[in-house]
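Quick notes on the structure that follows.
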Amino acid sequence: MPQLRIVVLVKQVPDTANVTGEAMKEDGTINRAALPAVFNPEDLNALEEALKLKDRHDARVTVMTMGPPAAVQVLRDSLYRGADEVILLTDRAFAGADTLATSYALSLAVRKLGGADLVLCGRQAIDGDTAQVGPQTAEKLGYPQITCVSRIDELSAPADGEAGSGAITATRSIEGGFETLTSPLPCLLTVTGEANDPRPASVKMVMTYKGIAAEAMPEYDDSYLNPESDDAEVCMLGRDGKPVCRAKVVQWDHEALVADREALGLRGSPTRVKEIESVVLAQSEARMVTPDEAGIAELVHELIEEHILG
Amino acid sequence: MVETSGGAPVKRNDVWVVVEQHDGVAAEVSLELLGRARELADQLGVQVGAVLIGAGSALKDIATALVARGADTVFFVAHSDLAHYLAQPYTQVVAGLIREHEPQIVLYGATTTGRDLAPRVASALRTGLTADCTDLRIGDHSLKGEEYKDLLYQIRPAFGGNIIATIISPLHRPQMATVREGVMVMPEEDRRRDGRIIAVPVTRTPEPIKVREGVALSDADFVVKLIKRVQEEKRVDLKGARIVVSGGVGVGSRDGFALVEELARTVGGVVGASRAAVDAGWIAHDHQVGQTGTTVRPKLYIACGISGSVQHRAGMDQSARILAINDDPLAPIFSVAHYGVVGDLHKVIPLLIQAYKTKGAGGAAAPAPAAADGGAS
């Protein structure tokens, strides 16, 4: 077993940041179905922090997502970048979950893995922007938290076989400044986009894992990740020269998590959406300027004349 | 008259504000929230409570100020170990007080502190929480034939600002929300207001113990240590800027921002940014314009490669003039712009810089006269 166990919580989200003309309906509202599903940007930053730690430590990076079966794509994307183990939480019982019910399911799944030394996730997801699932999952696990992390300053891995040893120091962004905190492991961190530039997918990994499907594995058994084991399929050598075993996409439902149905999905969600109002955009009244030298020069001239520029 | 402790027991069902303070100064958003809490409480016929946690002599002054801004009761939690915000002990204190006094509504500022604390408290209490609200109202709701009266409508933009959602928490108490700074009106200070300050005893022991009164904190709540806290004066003066030149996703990269900066320098403006550009790590958060950043009202706002989400527009649509540059003719930013340029900003911005340097020079129709002969025409 590796010395450091890192779990990264990720989410597949509609790409709300790039609403193009095509996603706009005639009445000026957004056609959500027309938005492509993407890896939540700050979750990629969280994964990158995990992979950076793995570059320096004997670590296993486990990526976990809760979502519809199609969310398997973010797990494939994680494997392409170097995750060791991936887990898909999918079940109708999880549907309609707000942040509280989501954090309940995620915390059970982390427990099923036997806990972690470090849980990382993006600060917030671009579809809801709540930034709540991280702290709520930390609370449910009884882990300390450091949110809005823009830098991991130092990590001392837990000593072999010594539970509760190890520590992490991280810097979080606050209004107009920063805070540096240190926490014992285990700890949960939420990571911001400032932290890093995520590495691209490795072509070799894409070849290895392209189209890999999820398989239900209600019992947690990671022996296929141990090169010594009979179940293992060694597919390459890692950068440290050690054999890397082929991952599986492990799928768990609410029974695998031994979850309380009443605390899952819509039933376990205190909040309800009462009403949704689409933001209707008024017809454009802007004066359009041609994007050439003459058009721009005329515009600048006019703004100077009106003392707007000057 | 501010009275310390004593008096009638605290009523249940009140409206609370969890006050944020740093180094003896209350966060503005907390004071703003007291104004809305007062309105909600008056509508519901209940009282306003404020939870104040910290240490030091200035804390008393904050407590008095909270009463002057609308609090009926201040829960005053002072201990040297609580001088700085830390998620775990503050969660213990707030969750403990909520369990004891059962308010129906608890509000927090949607700051990095409030958004660290509120979800942890919500999880501990297993209650609902809505992030980043821009409005709060009282209203009714019917669900499966049941009528729910006087619920808190928690109103916020979602889905990248493309929708406005009204969230309710019909069956769970308290109803909790974080609220964005600057959206609620700061209440006037009235030093003659009546209120009382209740000192909450803090029992601090190495091992966890149960106490009959107040809050108990143990070493397990203090495993995270604050090593350093640096808060600089805001270097970026977006609020006072006459001209703001902002960049968004269309700028494309960290390097691309150099072009936006050059335009700002040329026209004497301040650099702004959309949230997407900040989230991408291209520019520091201080530059962010919009609901989650700074609200600006310059004479001229130049939006470069910004699509114009509701959140962004809310922070700049009061600008005297807006010039939008975007390669997507359907970008929402054009709906608030006075001037629109559909094109590649990497080509348009250099044209703007060039045109400005020659001071528009009378536009293309009348090229600048050559000055070589030195005389007036």
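Residue numbers begin at 1 in each chain, while the letters A, B, ... track the order of the sequences.
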Checklist entry - Should the heavy atoms of other residues, nucleotides or ligands under 6.0 Å from CZ of A/R267 be counted, would the total exceed 12? => result yes
Checklist entry - So with a 6.0 Å cut-off around CD of A/E306, is the heavy-atom count from everything else above 12? => result yes
Checklist entry - Is a donor on one side and an acceptor on the other found under 3.5 Å between the side chain of A/E175 and the backbone of B/T112? => result yes
Next on the checklist: Determine whether a donor-acceptor pair (N or O, by modelled atom type, separation under 3.5 Å) exists between the side chain of A/Q145 and the backbone of B/D116.
Outcome noted: yes
Rounded to the nearest 0.5 Å, how far does [atom2] of [Y] lie from [atom1] of [X]?
X: B/T266; Y: A/L309; atom1: OG1; atom2: CG; value: 10.5 Å
X: A/L100; Y: B/H172; atom1: CG; atom2: NE2; value: 7.5 Å
X: B/L323; Y: A/L299; atom1: CG; atom2: CG; value: 5.5 Å
X: B/Y148; Y: A/R272; atom1: OH; atom2: CZ; value: 9.5 Å
X: A/E275; Y: B/T166; atom1: CD; atom2: OG1; value: 5.0 Å
X: B/T358; Y: A/H301; atom1: OG1; atom2: NE2; value: 11.0 Å

Taking side chain as everything from C-beta outward and backbone as N, CA, C, O, which of these in [X] sits under 4.5 Å from a heavy atom of chain B? Side chain, backbone, both or neither.
X: A/I308; result: both
X: A/T169; result: side chain
X: A/P144; result: both
X: A/I168; result: neither
X: A/E302; result: side chain
X: A/D292; result: backbone
X: A/T130; result: both

If you take all heavy atoms of [X] and [Y], which pair is closest and at what distance?
X: A/H307; Y: B/R242; value: O-NH2, 4.1 Å
X: B/T130; Y: A/Q132; value: C-OE1, 3.7 Å
X: B/V342; Y: A/P291; value: O-CG, 3.2 Å
X: B/V230; Y: A/I174; value: O-CD1, 4.3 Å
X: A/P184; Y: B/V224; value: CD-N, 4.5 Å
X: B/A355; Y: A/A297; value: CB-CA, 3.8 Å

Specify which of [options] makes the most heavy-atom pairs with chain A at under 4.5 Å.
options: B/K347, B/H285, B/R126, B/H84; value: B/R126
options: B/I243, B/V348, B/T127; value: B/T127
options: B/K299, B/R275, B/Q175; value: B/R275
options: B/G281, B/S274, B/S169; value: B/S169
options: B/V267, B/L352, B/L171, B/L86; value: B/L352
options: B/T91, B/I167, B/I322; value: B/I167

Checklist entry - Less than 4.0 Å between a side-chain N and a carboxylate O, is that true for A/D129 and B/R156? => result no
Checklist entry - Any salt bridge between B/K228 and A/D153, counting N to O under 4.0 Å? => result no
Engaged part of [X] at the chain A interface, taking heavy atoms whose separation is under 4.5 Å:
X: B/A280; answer: backbone
X: B/Q311; answer: side chain
X: B/D132; answer: side chain
X: B/R321; answer: side chain

Item to check | Residue pair A/R123 / B/R115, side-chain heavy-atom distance below 4.5 Å | outcome: no
Next on the checklist: One pair to check against side chain to side chain contact (heavy atoms under 4.5 Å, CB included): A/K274 and B/L151. What are the steps and the verdict?
Outcome noted: CA-CA 11 Å; A/K274 176 172 170 58; B/L151 292 177; over 6 Å; no
Taking every heavy-atom pair that is under 4.5 Å apart, which of [options] has the most such pairs with chain B?
options: A/T182, A/T147, A/L181; answer: A/T182
options: A/V273, A/T190, A/I146, A/T180; answer: A/T180
options: A/S103, A/A138, A/G134; answer: A/A138

Item to check | Test log, rule side chain to side chain contact (heavy atoms under 4.5 Å, CB included), inputs A/T99 and B/L129 | outcome: CA-CA 8 Å; A/T99 62; B/L129 173 67; 5.7 Å; no
